[in-house]
Amino acid sequence: MAKKPEHRQEITDPTGKLPPRDTDLEEVVLGACMLEKDAYMNVCDILVPDSFYDPVNQKIYQAITTLGFNQRPIDMMTVTEQLRQDGTLEEVGGAVHITELTARVYSAANVEYHARIIAQKYLARRLISYAAAIETKAFDESNDVDDLLQEAEGQLFDISQTQLKREVTQIDPVINLALEQIQTAANNESGLSGLQTGYTELDRMTSGWQSSDLIIIAARPAMGKTAFVLSMAKNMAVDFNIPIAIFTLEMANVQLVKRLISNIADLEGEKIKSGQLSAEEWDRLNSRLRGVYSAPLYLDETPGLSITELRTKARRLVREKDVKMIMIDYLQLMNATGMKLGSREQEVSTISRSLKALAKELNIPIIALSQLNRSTETRDDKRPVLSDLRESGAIEQDADIVCFIHRPEYYTKSGEDAEGNDIRGLAQLIVAKHRSGAVGDVKLRFVSKFAKFENWDQGYNVMQETLQEIPQKLPSKMNSQGSQSLQQDSPSPFNFGPLPGQSAMPDIMPGPGDPGIPF
């Protein structure tokens with residue numbers, strides 16, 4: 001005759017409280033699974049063996065899980081046989097105890113509701129266990145507090161991941177939501193359904209950055225990754241008043257803002273650093289910065305940012321500041337501290353997967369910059385491809401959009417491509433992956449002295465505006481004939497070169513072979 005099952009001994013914490021549990025409800029759920037053929041299918045996504053507080057109930061549910069995994073019938077007899085094969089039948093009280101479990105259940109109608117109660121108590125026990133462990137380590141002064149915080153964040157993140165499951169949705173409300181978004185795009189003058197970036201061709205290709213998308217922007221060093229996201233952040237936050245958050249892991253906030261000032265005021269980076277500005281440049285700086293004050297642009301310079309820290313800060317930014325998009329510079333500088341991972345590749349994969357989950361949770365686009373490996377340097381064709389993404393192929397899989405920044409002039413000395421076309425200032429934003437749209441190249445103009453990206457034809461507009469200002473800047477005593485003589489005999493400080501349609505590029509662009517500012 002089987003011995004009576006040994007139930008878990010009640011354990012109290014230092015305050016004398018018993019951990020959250022309901023062993024009676026656990027037995028009801030087990031009995032329901034063995035009586036009703038569909039009961040297990042209703043609870044298998046909610047419960048795991050560890051969800052049960054009583055070790056006897058854990059073993060019985062493990063047997064039920066094994067049967068379900070092998071698509072075998074689940075009833076009193078099959079569970080008893082599975083326990084016998086597992087060698088745990090006597091430990092749980094034998095066939096008699098299994099019979100008693102089924103006798104306690106009159107209906108399996110509420111089994112799913114009961115299972116959710118058990119799952120909640122299991123999560124509470126996990127929180128108590130983690131908190132107790134952290135408390136013990138916190139009393140040990142040999143432990144580094146920062147490392148302890150990272151470990152605690154990782155454990156809490158692991159628990160919270162179990163709460164991200166969403167219920168199946170019937171299609172009708174989803175159709176209504178899709179129609180609402182289509183109507184919103186139709187009513188928008190720009191015709192975009194997502195966030196406008198200020199780059200015309202890019203917006204046309206993507207219809208703007210879409211909610212819940214993970215966008216990876218990758219490039220080799222010196223291609224201008226940071227300059228690109230800063231230019232885009234300026235367009236969105238300053239020009240379109242879209243709340244944007246930038247997490248910069250590589251640069252301090254002040255350095256980033258100096259780069260932004262150079263971009264906005266069209267001042268060279270060296271002048272910004274040295275402060276050697278002319279009176280006209282000071283006036284321009286003050287004038288253009290007026291529109292930046294109070295802009296909804298939020299900066300975070302936390303070094304070695306972990307994914308758990310990012311989730312906490314991102315939630316707060318969305319809730320309190322109504323942030324519509326997050327930018328991260330850059331992905332490989334993040335870490336997954338507190339999680340047990342075997343390699344750096346696994347860590348990057350976890351970070352990438354977590355960023356996509358965060359974008360879905362907050363329903364906003366997240367842009368993460370990424371490094372490329374050195375394989376492009378060894379090829380004749382320097383254009384990046386998806387396999388060049390550094391450290392993990394999971395980045396390519398998790399991302400909804402993958403863009404590469406490629407500046408062909410960086411690899412030439414003549415400033416011309418193989419066909420003899422002038423490529424000075426040309427920057428290609430290569431959309432290599434687009435889960436819900438087309439792929440292709442977007443032509444942009446990179447102004448190296450200001451570390452900024454513009455629409456391809458925007459540089460010509462700037463040049464024309466400047467040319468119109470030239471007569472006002474020349475000495476008033478010069479007549480038209482004297483002005484012409486000055487242009488012929490003396491080098492003009494406003495030498496912009498040929499107008500649009502002529503072969504040469506304006507001098508405000510980088511010269512042949514100029515790699516630009518290495519940002």
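Throughout, numbering of the chain's residues begins at 1 and tracks the sequence. Just so you know, these numbers come straight off a predicted model, no measurement behind them.
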Just checking, any donor-acceptor pair under 3.5 angstrom between side chains of S231 and N263?
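Per modelled atom types, S231 and N263 side chains form a pair under 3.5 Å.
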Residue pair S212 / N363, side-chain donor-acceptor N/O under 3.5 Å:
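Side-chain D/A pair, S212 to N363: absent.
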Under 3.5 Å, sequence neighbours excluded: what are the donor-acceptor pairs made by side chains of residues 285-295?
| unit_1 | atom_1 | unit_2 | atom_2 | d |
| --- | --- | --- | --- | --- |
| N286 | ND2 | W282 | O | 3.2 |
| R288 | NH1 | I264 | O | 3.1 |
| R288 | NH1 | D266 | OD2 | 3.0 |

Is the closest basic N to carboxylate O distance between [X] and [Y] below 4.0 Å?
| X | Y | result |
| --- | --- | --- |
| K433 | D400 | no |
| K137 | E135 | no |
| D322 | K324 | yes |

I'd like to know if the side chain of [X] and the backbone of [Y] have a donor-acceptor N/O pair within less than 3.5 Å.
| X | Y | answer |
| --- | --- | --- |
| Q210 | G208 | yes |
| S354 | T350 | yes |
| T136 | A132 | yes |

Within a 6.0 Å radius of atom CD on E320, are there more than 12 heavy atoms belonging to other residues, nucleotides or ligands?
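Atom CD in E320 is packed in, count exceeds 12.
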Tell me, do [X] and [Y] make a side-chain contact under 4.5 Å, heavy atoms counted?
| X | Y | result |
| --- | --- | --- |
| I367 | L214 | no |
| F404 | L386 | yes |
| M232 | M327 | yes |
| I364 | M325 | no |
| R316 | R319 | yes |
| L331 | I395 | yes |
| M236 | L195 | yes |
| I215 | W209 | yes |

Quick test of your reading: applying salt bridge (Lys or Arg N to Asp or Glu O under 4.0 Å), list the pairs with at least one residue in residues 202-214, sequence neighbours left out, ordered by first then second residue.
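Passing the test, one end in residues 202-214: E201-R204.
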To the nearest 0.5 Å, what is the distance between [atom1] ([X]) and [atom2] ([Y])?
| X | Y | atom1 | atom2 | answer |
| --- | --- | --- | --- | --- |
| I401 | R435 | CD1 | CZ | 9.5 Å |
| K234 | K452 | NZ | NZ | 6.0 Å |
| I366 | I328 | CD1 | CD1 | 5.5 Å |
| L310 | L305 | CG | CG | 5.5 Å |

According to salt bridge (charged side-chain N to carboxylate O under 4.0 Å, His left out), who are the partners of D300, at least two apart in sequence or on a separate chain?
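In terms of salt bridge (charged side-chain N to carboxylate O under 4.0 Å, His left out), with neighbours along the sequence ignored, D300 is linked to K313.
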Name of the residue among E281, Q276, K449 meeting side-chain contact (heavy atoms from CB on, under 4.5 Å) with K271
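Option passing the side-chain contact (heavy atoms from CB on, under 4.5 Å) with K271: E281.
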Evaluate the criterion ring pair (Phe, Tyr, Trp, His ring centres under 6.0 Å) for residue pair F446 and Y410; output intermediate values, then yes/no.
CA-CA 11 Å; F446 180 66; Y410 183 81; over 10 Å; no
Can you confirm whether or not the ring centre of F228 sits under 6.0 Å from the ring centre of Y199?
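Centroid separation for F228 and Y199: below 6.0 Å.
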Is there a salt bridge (charged side-chain N to carboxylate O under 4.0 Å, His left out) between D329 and K225 once you walk through the steps?
CA-CA 8 Å; D329 182 13; K225 295 186 297 297; over 6 Å; no
To check you understand the geometry: which heavy-atom pair defines the closest contact between G224 and I405, and what is its length?
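In terms of heavy atoms, the two residues are closest at O-CD1, 4.0 Å.
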